Each structure stands twice: as C-alpha cells, then as structure tokens.
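First the structure, in the form of structure tokens, and then the observations on it.
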Amino acid sequence: MNSIIGLINRDTTIDPTLVRLKEAGVADERIGVLSSPKSINRLIGGDSAGVIVNYSVWGAAIGIGIYAVFGVAAALCQCVRMEYGIGYGVGTFIGAILAGTLVGGAIGVLAGAAEAEKDTHLYLQGVRTGGKVISIQVPNEDVDRVKQILTKGNVLGVKVI
C-alpha cells in the first residue's frame, strides 16, 4: 500500500475529486482529508528522518570519494618527498577519509533537513491559508491512476509518501 497526498486549495472544491476517486474504486475508508497542521506533520513528518538519513549517507559517500583523492595525494607526497615511512602515509589517508565522511555527512544532514522542510512547507502553508490535504491509501498498481485523478482535480503537490 502507498499513501498519495496532495493539497486542495481553499478555492478548489473537493467534491468532484472525491466522486472521481470513488468511481475509480477507492473505498471511503482509504481517503482522508486533513486540515490541521498537527495531523499533517504526523502524516508527512514520519518521512523526514528518512530523507535526512538518505542525504547524509550520500553526503558522506561523496565526501569519502573527494577526500580520498586528496588523502592519496597527501600520503604520497609525505612518504616520497619527506621520506616518512609508509605508516605515516596510511594515517594521513585514513584521516582524510574520516574528514571526508564527517564533512560530507554534515553537509548531507543540512541538505536533507532543507529538503524535508521544503516538502512539508507546501502542505502546512496551504492548510494555514484554508486549504486541505488529501491522503489516499492505494495499492501499487493504482498509484498512477489515482495521481492522474488528483492532478485533473487541481490538487497541488501530488506525491507518493
């Protein structure tokens, strides 16, 4: 089962969209209309941690890749030019990898938090100005059809969460 959400503007009537959803076979108990910021945060907020974790993991991986190149270069320079032992170069390389992980992960956390906030901002601002968020539980095979119904009904920010 997937959850599809979207914002219904205060100027848009929800009734024709609900009728189309029911005609498409979506049961009443699978459709929810939310109008309080608290309920929307509960619905969408559960996904925020996942977004932040994904961004931080990707950030750390990219940081490792970038810093590894500099770590290898620094290690080679130290070992060859300064006549240090190989152990010193390995330590420099590992230090660069750790620094890349920390820097990339931190940037990823910040980017993930911004992305999660961007996602929820549309729905929360819409509710504050009189709109409603519609949430529909649908099986995987009906996702595209339900998204099309919502889009035709002028529902904004239609996405699968």
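This is a predicted model, so every value here is computed, not measured. Both backbone and side-chain heavy atoms feed into the values below; hydrogens, waters and symmetry mates do not.
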What distance separates Arg128 CZ from Tyr123 OH, expressed to the nearest 0.5 Å?
-> 14.5 Å
How far does CG of Asn154 sit from CD1 of Ile14, to the nearest 0.5 angstrom?
-> 12.5 Å
For Ile107, which fellow cluster members are found when Ile, Leu, Val, Met, Phe, Trp and Tyr are connected by side-chain heavy-atom distances below 4.5 angstrom, either directly or through intermediates?
-> Ile62, Ile66, Tyr67, Phe70, Val103
Heavy-atom pair of closest approach, residues Val53 and Ser56 | O-OG, 2.9 Å
Mind listing the side-chain donor-acceptor pairs of residues 144-151 below 3.5 Å, one per line with the distance, residues two or more places apart or on another chain?
residue : atom : partner : partner atom : Å
Arg145  : NH1  : Ala24   : O            : 2.8
Arg145  : NH2  : Asp142  : OD1          : 2.9
Arg145  : NH2  : Asp142  : OD2          : 3.4
Thr151  : OG1  : Lys147  : O            : 2.8

For the student: nearest non-hydrogen atoms of Ala113 and Ile52, plus distance | N-CG1, 3.6 Å
Rounded distance (nearest 0.5 Å) linking atom CD1 of Ile134 with atom CD1 of Ile8 | 4.5 Å
On a heavy-atom basis, the closest approach of Leu122 and Gly157 is CD2-CA, 3.6 Å
With sequence neighbours excluded, what pairs up with Ala27 under the side chain to side chain contact (heavy atoms under 4.5 Å, CB included) test?
-> Glu29, Arg30
Asn54: side chain to side chain donor-acceptor pair (under 3.5 Å) partners, not counting sequence neighbours = none
Just grab all the side-chain hydrogen bond (donor to acceptor under 3.5 Å, both in side chains) pairs involving residues 15-24, residues at least two apart or on different chains.
-> Lys22-Asp28
Is the closest side-chain heavy-atom distance between Val26 and Ile31 below 4.5 Å?
-> yes
With sequence neighbours excluded, what pairs up with Ser3 under the side chain to side chain donor-acceptor pair (under 3.5 Å) test?
-> Gln137
Give the C-alpha distance, both sets of side-chain angles, the deciding distance and a yes or no for side-chain contact (heavy atoms from CB on, under 4.5 Å) between Tyr55 and Val109.
-> CA-CA 6 Å; Tyr55 272 74; Val109 166; over 6 Å; no
Are Val160 and Val138 grouped together when hydrophobic residues (ILVMFWY) are joined by side-chain heavy atoms under 4.5 angstrom apart?
-> yes
Can you see which heavy atom on Ile97 is nearest to which on Ala68, and at what distance?
-> CD1-CB, 3.9 Å
With hydrophobic residues grouped by side-chain heavy-atom distances under 4.5 Å, do Val143 and Val158 end up in a single group?
-> yes
For Leu110, check side chain to side chain contact (heavy atoms under 4.5 Å, CB included) against everything at least two apart and list the hits.
-> none
Of all heavy-atom pairs between Ser39 and Leu34, which one has the smallest distance, and what is that distance?
-> OG-CB, 3.8 Å
Following the transitive rule for hydrophobic clusters with a side-chain heavy-atom cut-off under 4.5 Å over Ile, Leu, Val, Met, Phe, Trp and Tyr, establish whether Leu21 and Ile4 coincide in one cluster.
-> yes
Check side chain to side chain contact (heavy atoms under 4.5 Å, CB included) between Ser35 and all other residues, then give those that pass, not counting sequence neighbours.
-> Lys132
Considering all heavy atoms of both residues, which atom of Gly71 and which atom of Ala96 are nearest to each other, and what is their separation?
-> CA-CB, 3.5 Å
Taking only residues two or more places apart in sequence, or in another chain, which ones meet Asn9 in a side chain to side chain contact (heavy atoms under 4.5 Å, CB included)?
-> Leu7, Thr12, Leu156
